[in-house]
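Report on one structure; see the data block that follows.
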Amino acid sequence: MNQVWPIFKREFAAYFATPLAYVFIVIFLFAMGVFTFYVGRFYDNGSADLSVFFIYHPWLYLFLVPALAMRLWAEERRSGTIELLFTLPVPLWATVLGKYLAAWAFTGLALALTFPIWLTVNYLGSPDNGVILAGYVGSFLMAGGYLAIGACLSATTSNQVIAFVVTVVVCFLFTISGAPLVIDFFRGWAPLTLVSAISSFSFLTHFSSIVAGVIDLRDVLFFFTLIALFLTINVAILDMKKAG
């Protein structure tokens with residue numbers, strides 16, 4: 001981790017060296033507020049919980065996280081600074097992990113800044129704060145999954161727009177793979193084993209379980225395994241570019 005830490009510090013600080021961090025956080029918090037209090041009609045539900053808050057997270061992350069991830073490597077490739085990174089006395093895996101963890105930590109900071117919504121529901125009622133905390137954990141893990149996919153795809157191109165669009169599409173497929181519409185489509189002709197496998201890749205399935213207050217080890221392992229897989233592919237892609 002001694003090799004990862006300098007990369008992490010450099011990348012995390014870089015977010016606040018430009019207006020990007022502040023614009024992202026403002027948009028994120030504004031969108032969370034709008035979807036919770038207006039679209040989700042928080043005050044009309046008559047329930048002291050944040051289920052309406054968490055239900056929109058997958059769909060907000062679907063666009064906001066790829067917008068954050070698209071610059072991780074695409075910008076390095078466009079500007080040519082990726083060649084400088086290759087010459088640093090740091091293993092490639094440490095660079096990939098450091099940049100990823102910095103982006104994930106920044107996303108976590110944006111998520112943590114939604115705490116006034118948590119305070120609001122506690123002021124209005126007596127919610128189960130354990131369930132709410134589980135929801136935050138699940139949201140953070142899901143954001144990490146989206147981010148790992150985005151970082152990997154960002155390494156394949158120097159065009160940030162392409163990286164964004166492809167990431168949104170891939171993340172959308174992971175999100176809806178467990179939806180009833182998708183499962184019903186495959187159930188009509190595919191073997192049950194295949195249907196179960198497709199459903200198991202759904203972000204919604206694993207996230208919904210955690211938001212319900214049940215932090216199942218299988219759901220946690222799913223996100224960490226997916227993150228590890230895409231970061232490994234990320235390293236492999238960059239290694240091939242370095243060798244080429």
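- Judged purely by distance below 3.5 Å, without hydrogens or angles, the side chains of Y146 and T107 never pair a donor atom with an acceptor atom.
- With L97 as the partner, the side-chain contact (heavy atoms from CB on, under 4.5 Å) test is satisfied by one option alone out of N234, L92, I7, L231: L231.
- For the atom pair F53 CZ and T36 OG1, the distance stands at 5.5 Å (nearest 0.5 Å).
- Without hydrogens or angle criteria, T156 side chain to L153 main chain gives a donor-acceptor distance under 3.5 Å.
- In summary, of the residues considered (Y61, F207, W59), a side-chain contact (heavy atoms from CB on, under 4.5 Å) with T175 occurs for W59 alone.
- Using a 4.5 Å cut-off on side-chain heavy atoms (C-beta onward), F222 and F201 make contact.
- For the side-chain contact (heavy atoms from CB on, under 4.5 Å) criterion with F203, the lone passing option out of L62, L173, I176, L226 is L226.
- Distance check, rounded to the nearest 0.5 Å: CG of L147 to OG1 of T167 gives 9.5 Å.
- Here the closest heavy-atom approach between residue M142 and residue F223 is recorded as CA-CE2, 3.7 Å.
- Closest approach of H206 and D219 over heavy atoms only: ND1-OD1, 2.7 Å.
- Counting heavy atoms from C-beta on, the side chains of C171 and V65 never come closer than 4.5 Å.
- Heavy atoms of other residues, nucleotides or ligands lying less than 6.0 angstrom from CD1 of I55 number 12 at most.
- In this structure, the separation between CE on M32 and CD1 on I117 is 7.5 Å, given to the nearest 0.5 Å.
- By the rule that hydrophobic residues join a cluster once side-chain heavy atoms approach within less than 4.5 Å of another member, Y22 and F30 end up as members of one cluster.
- Proximity of the aromatic rings of F8 and W5 is defined here by a centroid distance below 6.0 angstrom, and this criterion is met.
- Between the side chain of S209 and the main chain of T205, a donor-acceptor pair closer than 3.5 Å is present.
- The nearest pair of heavy atoms linking V121 to P127 is O-CD, 3.7 Å.
- Residues I227 and Y100 are in side-chain contact: their nearest non-hydrogen atoms beyond the backbone lie under 4.5 Å apart.
- Distance check, rounded to the nearest 0.5 Å: CH2 of W73 to OG1 of T95 gives 6.0 Å.
- Side-chain atoms of N159 come within 3.5 Å of backbone N or O of I162 as a donor-acceptor pair.
- The neighbour count for F172 CZ, taken as heavy atoms of other residues, nucleotides or ligands under 6.0 Å away, does not exceed 12.
- Cation-pi contact between R71 and F164: absent, since separation from the ring centre below 6.0 Å together with deviation from the ring axis within 45° is not met.
- The nearest pair of heavy atoms linking A103 to L68 is O-CD2, 3.9 Å.
- Interatomic distance, CD1 of I25 versus CG of L29, reported as 7.0 Å (0.5 Å rounding).
- Residues F63 and V168 form a side-chain contact, since some pair of their non-hydrogen atoms from C-beta on lies under 4.5 Å apart.
- Checked against side-chain contact (heavy atoms from CB on, under 4.5 Å), F140 has the following partners two or more places apart in sequence or in another chain: W104, L111.
- Between V211 and V131, the shortest heavy-atom distance links the atoms O-CG1, 3.4 Å.
- The main-chain N or O of W118 is found under 3.5 Å from a side-chain atom of N122 such that the two form a donor-acceptor pair.
- Annotation: side chain of V220 is in contact with side chain of I215 (closest heavy-atom distance under 4.5 Å).
- Among all heavy-atom pairs drawn from Y15 and L20, the shortest one is CD2-CD2, 4.2 Å.
- Contact check for L113 versus F28: no side-chain heavy atoms found under the 4.5 Å cut-off.
- Contact check for T114 versus Y136: side-chain heavy atoms found under the 4.5 Å cut-off.
- In this structure, S154 contributes its side chain and A74 its backbone to a donor-acceptor pair below 3.5 Å.
- Expressed to the nearest 0.5 Å, how far CZ of F24 lies from CG of L64 amounts to 5.0 Å.
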